[in-house]
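Structure first, then comments.
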There are 2 protein chains.
Amino acid sequence: MNKKEAIFLLNKNGYKTTKRRKDILDFFANADGYRTAKELNDFMESRYEGISFDTVYRNLHLYHELGILEGTELKGEKHFRMKCGDHHHHHFICNDCGKTKKLDICPMDEVEALLKNFQVIGHKFEVYGLCPVCQNAS
Amino acid sequence: MNKKEAIFLLNKNGYKTTKRRKDILDFFANADGYRTAKELNDFMESRYEGISFDTVYRNLHLYHELGILEGTELKGEKHFRMKCGDHHHHHFICNDCGKTKKLDICPMDEVEALLKNFQVIGHKFEVYGLCPVCQNAS
DNA sequence: ATACATGCAAACAATTTGCATATTA
DNA sequence: TAATATGCAAATTGTTTGCATGTAT
């Protein structure tokens, strides 16, 4: 997902492209990894005098609903990143900077065979650690 | 982990075995799956007039710290279950009842090969869906 | 012009803390 | 009895809502 596609999705669903919404997309486009509502709000505060947390939350929720962002829970906090929608995959996620690396492995084929009488609806596979950059920093 | 081992761990670390703590262990021993703080509190309220949420939270936190319980985020809420400590594995988790089925597959061997310059610290692999019982119920 | 978006304030929910009292070892 | 656990009330944090005003289409 990139900014242009996201704006198309917004308009298609009857939502307006405001300056704030575009800046939120810029933030995630540059982030290249998982970010919290707080981090986004800090960024937005640096651009707008008196922006409020509700705008941040409302738009995070909207973007998540529209499939522009995907969310996960890291270290007890909700994190979001731009959804990468090409094909199914999982991520390595850096504990320090939140950046991600795509993992082109999915264990579900093997697993489904073990779950004959169970209805599988979804799954989560995430690997955590330190990326090369953050290893050197610490 | 069973109740006896948990109490041993409590004492070993200088914590006392109160009636409430034993009941919390009973709750998780019978649950056989993931439960929320709210569900535990409801159970405790049925046994104690005027028990307070802080006792529940404090003990969940303590048990988690001691490795008696393990936690995960399901449907936006923190859930806990008795830790099963024999050998490394993952779980199928029923979206309805929270019960789990052990999955004796771990995809990490394959994955580590992809992460040569990354320091892997942990991982999460969970499968969600409906167990046979809950499929019939709905 | 109309409908949607935002800021503000307030509400709400989940979780944590300080302190006096009660309980365990 | 000495140290830990609990209940209560209040504080903290994260998130959501109603409403008047502002802005995009």
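The structure displayed is predicted, hence computed values, not measured ones. Throughout, protein chains are lettered first and strands after them, A, B, ... in sequence-line order, and every chain is numbered starting at 1.
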Using whole Å, report how far CZ of B/Phe80 lies from P of C/dA14. 14 Å
Separation of B/Ile7 atom CD1 from C/dT24 atom C1', in whole Å? 13 Å
Between C/dT16, C/dA5, C/dA25, which nucleotide gets closest to the side-chain atoms of B/Tyr57? C/dT16
So how far off straight is the helix from C/dA1-D/dT25 to C/dA25-D/dT1, going by the axes through five pairs at either end, to 10°? 40°
How close do A/Gly67 and A/Lys83 get, heavy atom to heavy atom, and via which atoms? O-CD, 3.4 Å
Nearest non-hydrogen partners of B/Asp96 and B/Lys75, listed with the distance: N-NZ, 4.5 Å
Which is it for B/Lys124 and B/Thr72 under the side-chain contact (heavy atoms from CB on, under 4.5 Å) test, yes or no, and what are the steps along the way? CA-CA 9 Å; B/Lys124 179 173 199 167; B/Thr72 195; 2.6 Å; yes
A/Asn11 CG to C/dA5 P: how many Å, rounded? 10 Å
Applying side-chain contact (heavy atoms from CB on, under 4.5 Å), run through A/Tyr128 and A/Glu126 and close with a yes or a no. CA-CA 7 Å; A/Tyr128 314 110; A/Glu126 290 176 344; 2.6 Å; yes
Over 12 foreign heavy atoms within 6.0 Å of NZ, B/Lys38: no
Of the non-hydrogen atoms in A/Phe28 and A/Arg81, which two are nearest, and what is the gap between them? CD2-CA, 4.1 Å
Is the phosphate of C/dT6 approached by A/Thr18 (side-chain N or O, under 4.0 Å from OP1 or OP2)? yes
Name the orientation class of the two ring planes belonging to B/His89 and B/His91 (parallel below 30°, tilted from 30 to 60°, perpendicular beyond 60°). perpendicular
When you get a sec, tell me which of C/dA25, C/dT17, C/dA5 is the closest nucleotide to the side chain of B/Lys16? C/dA25
Answer with base, sugar-phosphate or nothing: what part of the nucleic acid does B/Tyr15 contact at a heavy-atom distance below 4.0 Å? sugar-phosphate
Between atom CZ in A/Arg20 and atom P in C/dC4, what is the gap in whole Å? 19 Å
Within this structure, what is the CZ-to-P distance between B/Arg21 and C/dA22, rounded to whole angstrom? 19 Å
Within this structure, what is the CD-to-C1' distance between A/Glu73 and C/dA14, rounded to whole angstrom? 13 Å
Using side-chain heavy atoms (C-beta onward) and a distance below 4.5 Å, is B/Arg21 in contact with B/Tyr63? yes
Do the side-chain N or O atoms of A/Asn59 get closer than 4.0 angstrom to the phosphate oxygens (OP1, OP2) of C/dT6? yes
First and last nucleotide of DNA chain D, 5' to 3', lying under 4.0 Å from heavy atoms of chain B: D/dA3 to D/dA9
Quick one: on DNA chain C, does A/Asp54 or A/Leu62 contact a more 5' nucleotide (nearest heavy atom)? A/Leu62
Could you check how far CG of A/Leu10 sits from C1' of C/dA3, rounded to whole Å? 15 Å
For B/Phe80, is the NZ or CZ atom of B/Arg35 found under 6.0 angstrom from the centre of its six-membered ring and inside 45 degrees of the ring axis? no
Using whole Å, report how far CG of A/Leu40 lies from P of C/dT6. 12 Å
